[in-house]
Amino acid sequence: TPQVSITFKLELDGHSEALNVSNGNAAALLALAGLPSAPYGEIPHKRLETAITKLLRALNSEPARVRAATSVAGGPRWSEGACTDEYLKRRAGEMMAMLVLARKNGSGVIWG
């Protein structure tokens, strides 16, 4: 059975953060963050700064969704996220907040 959603997770001492999105939206967020569009993976602490910078750039560009869609065109076939640009930007902001928290705590973020 194909996976229908992806969860980005951050585990800290006695605290965890999670962001759950559809496959298509996860692929778009990963593309915006400059990461490989894979069903699971990890953003190690040393790569957080680059991903945060790319997400920030995407949040300040118009429209983020178009950039994400063209970035993943050559990648694996994921279900297309039926979302508006506003939705994608909101989720990108949530993902960026998680990455900033991970960076601050010397941690990485996993997804799957």
Side-chain angles (χ1 to χ4, degrees):
T1 313
Q3 208 172 356
V4 293
S5 71
I6 302 276
T7 303
F8 293 92
K9 291 182 200 155
L10 167 61
E11 298 288 335
L12 301 172
D13 267 351
H15 177 76
S16 69
E17 294 275 330
L19 172 63
N20 187 268
V21 292
S22 72
N23 282 359
N25 292 335
L29 289 174
L30 288 165
L32 290 175
L35 297 162
S37 292
Y40 52 87
E42 180 182 0
I43 311 167
H45 185 260
K46 66 179 193 252
R47 294 204 47 210
L48 288 172
E49 193 63 45
T50 304
I52 290 166
T53 301
K54 287 179 184 277
L55 281 171
L56 192 56
R57 200 171 294 142
L59 283 169
N60 290 311
S61 73
E62 294 293 333
R65 190 170 195 282
V66 174
R67 291 184 49 192
T70 55
S71 303
V72 294
R77 252 342 255 152
W78 288 31
S79 61
E80 180 59 39
C83 66
T84 62
D85 194 57
E86 292 77 29
Y87 175 84
L88 186 61
K89 284 192 174 187
R90 180 169 60 81
R91 299 305 251 177
E94 292 170 8
M95 183 177 177
M96 192 173 72
M98 182 185 290
L99 299 187
V100 167
L101 186 61
R103 179 183 64 186
K104 185 176 133 192
N105 286 279
S107 182
V109 171
I110 59 168
W111 77 87

Quick check: closest heavy atoms across [X] and [Y], and the distance to 0.1 Å?
{"X": "A51", "Y": "L99", "result": "CB-CD1, 3.8 Å"}
{"X": "G108", "Y": "A102", "result": "O-CB, 4.3 Å"}
{"X": "S37", "Y": "A31", "result": "OG-N, 4.4 Å"}

Rounded distance (nearest 0.5 Å) linking atom [atom1] of [X] with atom [atom2] of [Y]:
{"X": "M96", "Y": "T53", "atom1": "CE", "atom2": "OG1", "answer": "9.5 Å"}
{"X": "K9", "Y": "S107", "atom1": "NZ", "atom2": "OG", "answer": "13.5 Å"}
{"X": "I110", "Y": "F8", "atom1": "CD1", "atom2": "CZ", "answer": "11.0 Å"}

Side chains of [X] and [Y] in contact at under 4.5 Å (non-hydrogen atoms):
{"X": "L88", "Y": "L32", "value": "yes"}
{"X": "L29", "Y": "I6", "value": "no"}
{"X": "M95", "Y": "I43", "value": "yes"}
{"X": "W111", "Y": "V21", "value": "no"}

(request) Mark yes when over 12 heavy atoms from residues, nucleotides or ligands other than N60 sit less than 6.0 Å from its CG; otherwise mark no. (result) yes

(request) Apply the side-chain contact (heavy atoms from CB on, under 4.5 Å) test between L35 and each candidate in V109, L55, L30; give the one that qualifies. (result) L30

(request) With sequence neighbours excluded, give me every salt bridge (charged side-chain N to carboxylate O under 4.0 Å, His left out) pair touching residues 27-47. (result) none

(request) Scan for salt bridge (charged side-chain N to carboxylate O under 4.0 Å, His left out) pairs involving residues 15-34, sequence neighbours excluded, and state none if there are none. (result) none

(message) Show me the pairs that pass side chain to side chain donor-acceptor pair (under 3.5 Å) and involve residues 90-106, at least two apart or across chains.
(response) E49-R103, Y87-R91, R90-E94, R91-E94

